[in-house]
Amino acid sequence: MRARLERDFERFKRELPSDVAGYIRGAYRIDLTARYLGRTLPHPVGKGSGQLSLSLEQLETDRAAGLAFVVLKTVIAEDPAGERSMGAWAVHETRMKVEPRRSASDREGWTVTWKGRGWDRSFDEYLALVRAAADYSRSGEIVAVPSVKYHLPRLGEPFRTEEYRYTTQRLSQAWGDEELPLEKDFSPTLAGDELAEERSQILRWLREVPGHVRAVAPAPVRLALKLMNARFDDAFQLEMLQAAGSADALVVFNRLWDPEQGVAFGGYDLSDRNLRVLEEARQSGLSTPPLVGTGNVSTGRLILDYARLGCESVQLHTFFQLPLSEYPATDGSRPQRALHALLFEPRDGLIACMLDLEGEGLLERRDGELKFLDLPKTVAASPRRDKGHKGHKETHSSFPPREEHN
Ligand SMILES: Cc1cc2nc3c(=O)[nH]c(=O)nc-3n(C[C@H](O)[C@H](O)[C@H](O)COP(=O)(O)O)c2cc1C
């Protein structure tokens with residue numbers, strides 16, 4: 001297997017097999033089946049919302065590269081008159097800087113420095129992209145999902161229902177008859193805003209936003225909340241996870257906020273924090289909706305780290321934006337080169353890491369296969385404590401994972 005992996009790593013530097021997950025299943029008996037917002041995916045690697053999912057061309061490149069899913073850039077919600085309570089987030093800024101970043105733990109990673117925010121073109125243009133995303137998703141080749149930033153009130157203020165209604169209805173119409181998959185973004189710039197200074201205010205948003213979206217949607221919506229790294233401690237991140245229990249999935253956690261420079265950042269500080277909080281969630285026996293990892297996913301080993309702590313898929317941004325010299329592949333689009341490194345790198349790729357776990361006796365084959373969705377079983381779960389997390393729906397993942405999860 002190891003010799004084969006070395007050979008595949010070399011020969012796929014020029015081009016990946018067209019059905020990469022099928023190839024891996026046949027060659028290594030590794031089943032990478034993953035999940036995102038209730039959808040079954042051939043493998044766990046998707047693209048997070050941002051500047052790399054603004055256009056049809058980018059979507060087409062991602063489909064051709066074999067990414068499992070893409071989240072479109074976040075659009076700022078509006079009401080029928082075109083009023084946007086979160087209009088400050090519709091900033092036009094094209095300049096992005098991709099730079100190395102050393103973490104507090106002294107590891108060098110990458111970050112993208114950018115002062116922009118949400119979608120900065122018209123809502124109609126966004127809806128055209130959503131229609132195309134729905135067609136792609138129907139074709140079964142890639143799942144492509146819209147993302148929104150809706151009104152977030154101060155404590156004591158009501159939610160602006162008209163903004164929720166109008167935006168959700170138009171997205172739903174553009175999507176078509178099927179259930180609308182949707183992400184609601186709580187961004188790092190929001191974490192840095194005075195709106196997010198109060199803990200109880202943030203917790204109210206997380207508790208109430210899913211209900212507001214569902215109440216106004218003309219057809220069923222499957223809603224993921226993309227949680228921010230708030231400016232508080234780890235214990236508050238756990239409170240956020242708990243408060244967001246009525247969502248259908250949680251994306252954990254968006255980038256960190258640097259108040260001095262006024263920018264969001266990533267790198268190993270981000271993955272260290274995210275993994276630490278997920279570990280704490282697991283240790284405390286917290287039950288959450290299904291999780292999707294985000295933050296510095298730049299190796300298969302990091303995919304594995306997020307997956308072992310319960311993430312059923314991962315969404316990346318920065319790793320799709322590196323200088324070409326950073327990828328071992330010699331040809332192909334950036335998403336294709338990224339997939340090659342994430343899956344086939346002989347030491348830190350996902351295949352190598354899953355074989356390592358098998359070698360350590362931590363991951364067992366079922367029906368002859370190693371299964372990505374079995375990874376949470378490889379971390380010893382602490383005894384389940386009832387911490388009073390009530391009101392969760394049946395679809396929620398729990399630690400240790402229930403059988404129907406596998
Ligand atoms: C330039 C840039 C723009 C982004 N814009 C959005 C956005 O509009 N909505 C959103 O939910 N996340 C946005 N993100 C967050 C990414 O989707 C991703 O979750 C985050 O960067 C962590 O992953 P990474 O370390 O792989 O970049 C953005 C990230 C970057 C770097």
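All ligand and atom numbering here is 1-based and tracks the order in the structure.
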Suppose we screen for ring pair (Phe, Tyr, Trp, His ring centres under 6.0 Å). Which residues come up paired with F9, at least two apart in sequence or across chains?
H340

Tell me whether the centres of the aromatic rings in F12 and Y23 are closer together than 6.0 Å.
yes

How about F319 and Y327: are their ring centroids closer than 6.0 Å?
yes

Who are the side-chain hydrogen bond (donor to acceptor under 3.5 Å, both in side chains) partners of D356, not counting sequence neighbours?
R2, R301

List for me each residue that meets salt bridge (Lys or Arg N to Asp or Glu O under 4.0 Å) alongside E125, sequence neighbours excluded, and say none if there are none.
none

Using only atom types and a distance under 3.5 Å, with no angle test, would you say the side chain of Q58 pairs donor to acceptor with the backbone of Q51?
yes

Pick out the protein N or O atoms lying less than 3.5 Å from any N or O of ligand 1, and list each pair with its distance.
residue	atom	partner	partner atom	Å
ligand 1	5 (N)	K73	NZ	3.1
ligand 1	8 (O)	K73	NZ	2.7
ligand 1	8 (O)	T74	OG1	3.3
ligand 1	9 (N)	S49	OG	3.0
ligand 1	9 (N)	T74	OG1	2.6
ligand 1	9 (N)	D185	OD2	3.4
ligand 1	11 (O)	D185	OD1	3.2
ligand 1	11 (O)	D185	OD2	3.4
ligand 1	11 (O)	K226	NZ	3.2
ligand 1	12 (N)	S49	O	3.3
ligand 1	12 (N)	K226	NZ	3.0
ligand 1	14 (N)	S49	O	3.1
ligand 1	17 (O)	S49	N	3.4
ligand 1	17 (O)	S49	O	2.6
ligand 1	17 (O)	K226	NZ	2.9
ligand 1	19 (O)	K226	NZ	2.9
ligand 1	19 (O)	T294	OG1	2.8
ligand 1	23 (O)	T294	OG1	3.4
ligand 1	25 (O)	N296	N	2.7
ligand 1	26 (O)	H317	N	3.0
ligand 1	26 (O)	T318	N	3.4
ligand 1	27 (O)	T318	N	2.9
ligand 1	27 (O)	T318	OG1	2.6

